[in-house]
Amino acid sequence: MKDTFKHQGLRNRLVKILIEKGIKDVNVLTAIQKIPRHLFMDSGFESFAYQDKAFPIAAEQTISQPYTVAFQTELLDVKPDQKILEIGTGSGYQTAVLLEMNAKVYTIERQKELYKKTKLFLPKIGYKPKHMSFGDGYKGIKEFAPYDGIIVTAGAPFIPKDLLMQLKIGGKLVIPVGVEDQIMTVLTRTTELDFEKRTYGNFRFVPMLKKKN
Ligand code: SAH
């Protein structure tokens with residue numbers, strides 16, 4: 001599991017592309033500059049790791065496009081020591097971005113194969129989430145709630161109520177909502193019962209699913 005000067009050079013180029021596309025949060029850019037994304041993909045696909053594209057991982061899932069990871073993370077507005085819940089651990093790349101930003105990360109994945117693989121892999125390269133669950137992300141992880149932020153990394157057909165209820169007051173849910181394609185949506189909990197909603201353009205994610213594999 002090597003990270004070479006060449007990889008670092010490719011990452012610097014990727015960061016420049018993300019800046020050109022409008023990403024501004026320095027902490028997000030620094031995280032992407034540091035994380036060896038090629039290690040999150042099967043070897044053999046290394047040369048694709050630093051293109052700004054989504055890519056297939058195991059179990060018919062994808063590692064999100066770097067721009068999408070950066071955009072969602074910027075919307076989440078992560079501060080050090082905040083408790084963040086991620087729905088859809090997948091390759092663990094988004095998890096690593098949040099950990100680089102010194103968040104306390106809780107993450108849940110419904111595909112057993114991916115859950116097992118990523119649970120072993122992340123600590124090997126020095127990333128330690130607070131908690132990793134195998135289960136249904138529609139329900140969140142109630143035992144560790146409330147969270148400062150919740151990020152959903154699969155396309156949600158609707159906004160799950162359980163996730164809204166697991167936010168702190170002032171906390172944010174960043175969620176791509178839709179079936180064919182998704183509208184990036186941010187819901188901020190303003191009071192116990194009130195949420196402010198903003199939308200940020202169209203994206204395309206793998207679907208958030210209910211049945212477990
Ligand atoms: N954050 C990941 C993105 C993976 S793609 C990364 O950086 O690589 C979305 C992930 O969401 C897939 O791994 C998929 O299996 C998972 N997923 C889909 N529906 C889910 C659900 N209901 N609960 C938890 N995870 C889910």
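Counting starts at 1 for both ligands and their atoms, in listed order. Residue indices begin at 1 and follow the sequence shown.
Distances from atom 7 (O) of ligand 1 to the heavy atoms of Q61, Q94, Q72, R37 put Q94 nearest. Among A54, S91, G90, the residue whose heavy atom sits closest to atom 8 (O) of ligand 1 is S91. The closest heavy-atom contact to atom 13 (O) of ligand 1, among the options E109, K139, M41, comes from E109.
The protein atom (non-hydrogen) at minimum distance from atom 9 (C) of ligand 1 is T153 O, 3.3 Å. Taking atom 10 (C) of ligand 1 as the reference point, the nearest protein heavy-atom neighbour is G88 CA, 3.7 Å. If you check which protein heavy atom lies closest to atom 22 (N) of ligand 1, you get L209 O, 2.7 Å. Here the heavy atom of the protein found nearest to atom 5 (S) of ligand 1 is T62 O, 3.1 Å. Of the protein's heavy atoms, R110 CG, 3.4 Å lies nearest to atom 26 (C) of ligand 1.
For ligand 1, one of its N or O atoms has an N or O atom of G137 under 3.5 Å away. For a threshold of 3.5 Å applied to N or O pairs, the pair formed by Y138 and ligand 1 contains no separation below that value. Polar contact with ligand 1: absent for A154 (N/O pair, distance under 3.5 Å).
Ligand 1 places these atoms under 4.0 Å from at least one heavy atom of V206: 5 (S), 9 (C). For ligand 1, the atoms sitting less than 4.0 Å from at least one non-hydrogen atom of Q111 are 15 (O), numbered in the order shown with element in parentheses. Annotation for ligand 1: atoms under 4.0 Å from non-hydrogen atoms of Y93 are 7 (O). Near E86, meaning under 4.0 Å from one of its heavy atoms, ligand 1 places the atoms 1 (N). For ligand 1, the atoms lying closer than 4.0 Å to a non-hydrogen atom of D136 are 22 (N), 23 (N). The I108 neighbourhood of ligand 1 comprises atoms 24 (C), 25 (N), with distances under 4.0 Å to a heavy atom of that residue. Near G135, meaning under 4.0 Å from any of its heavy atoms, are these atoms of ligand 1: 23 (N), 24 (C). Ligand-side atoms of ligand 1 in range of L114: 13 (O), range being under 4.0 angstrom from any heavy atom.
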**Message:** side chain to side chain contact (heavy atoms under 4.5 Å, CB included) for V186 and F195? Distances and angles first, verdict last.
**Reply:** CA-CA 10 Å; V186 178; F195 297 85; over 6 Å; no
**Request:** Begin from the C-alpha positions of K119 and Y115 and carry the test side chain to side chain contact (heavy atoms under 4.5 Å, CB included) through to its verdict.
**Result:** CA-CA 6 Å; K119 198 175 163 87; Y115 161 75; 3.4 Å; yes
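The local environment of CG in L120 is crowded, with over 12 non-hydrogen atoms from other residues, nucleotides or ligands closer than 6.0 Å. Residue K16 qualifies as open at atom NZ: its count of foreign heavy atoms under 6.0 Å is 12 or below.
Of the listed residues (K172, K104, K168, K83), just one forms a side chain to side chain donor-acceptor pair (under 3.5 Å) with D148, and that residue is K168.
At a threshold of 4.0 Å, the pair K112-E109 does not count as salt-bridged, since none of the basic side-chain nitrogens sits closer than that to a carboxylate oxygen. With respect to the salt-bridge test (charged N to carboxylate O, under 4.0 angstrom), the residues K139 and D162 do not qualify.
The two residues S64 and V69 come nearest to each other via the heavy atoms CB-CG2, 3.7 Å. For I169 against T190, the heavy-atom pair with the smallest separation is CG2-O, 3.4 Å. Taking all atoms of both residues into account, the shortest heavy-atom contact from V177 to F158 is CG1-CA, 4.3 Å.
Look at K210 and you'll find every heavy atom at least 4.0 Å from all atoms of ligand 1. In this structure, T89 is part of the shell of residues with a heavy atom less than 4.0 angstrom from ligand 1.
Taking the centre and axis of the six-membered ring of Y138, the NZ or CZ atom of K210 falls inside the cone set by 45° and 6.0 Å.
Judged purely by distance below 3.5 Å, without hydrogens or angles, the side chains of H38 and Y50 pair a donor atom with an acceptor atom.
Only backbone heavy atoms of P207 (N, CA, C or O) come within less than 4.0 Å of ligand 1; its side chain stays farther off.
Taking 4.5 Å as the limit, some side-chain heavy atom of F205 sits within range of a side-chain heavy atom of M184.
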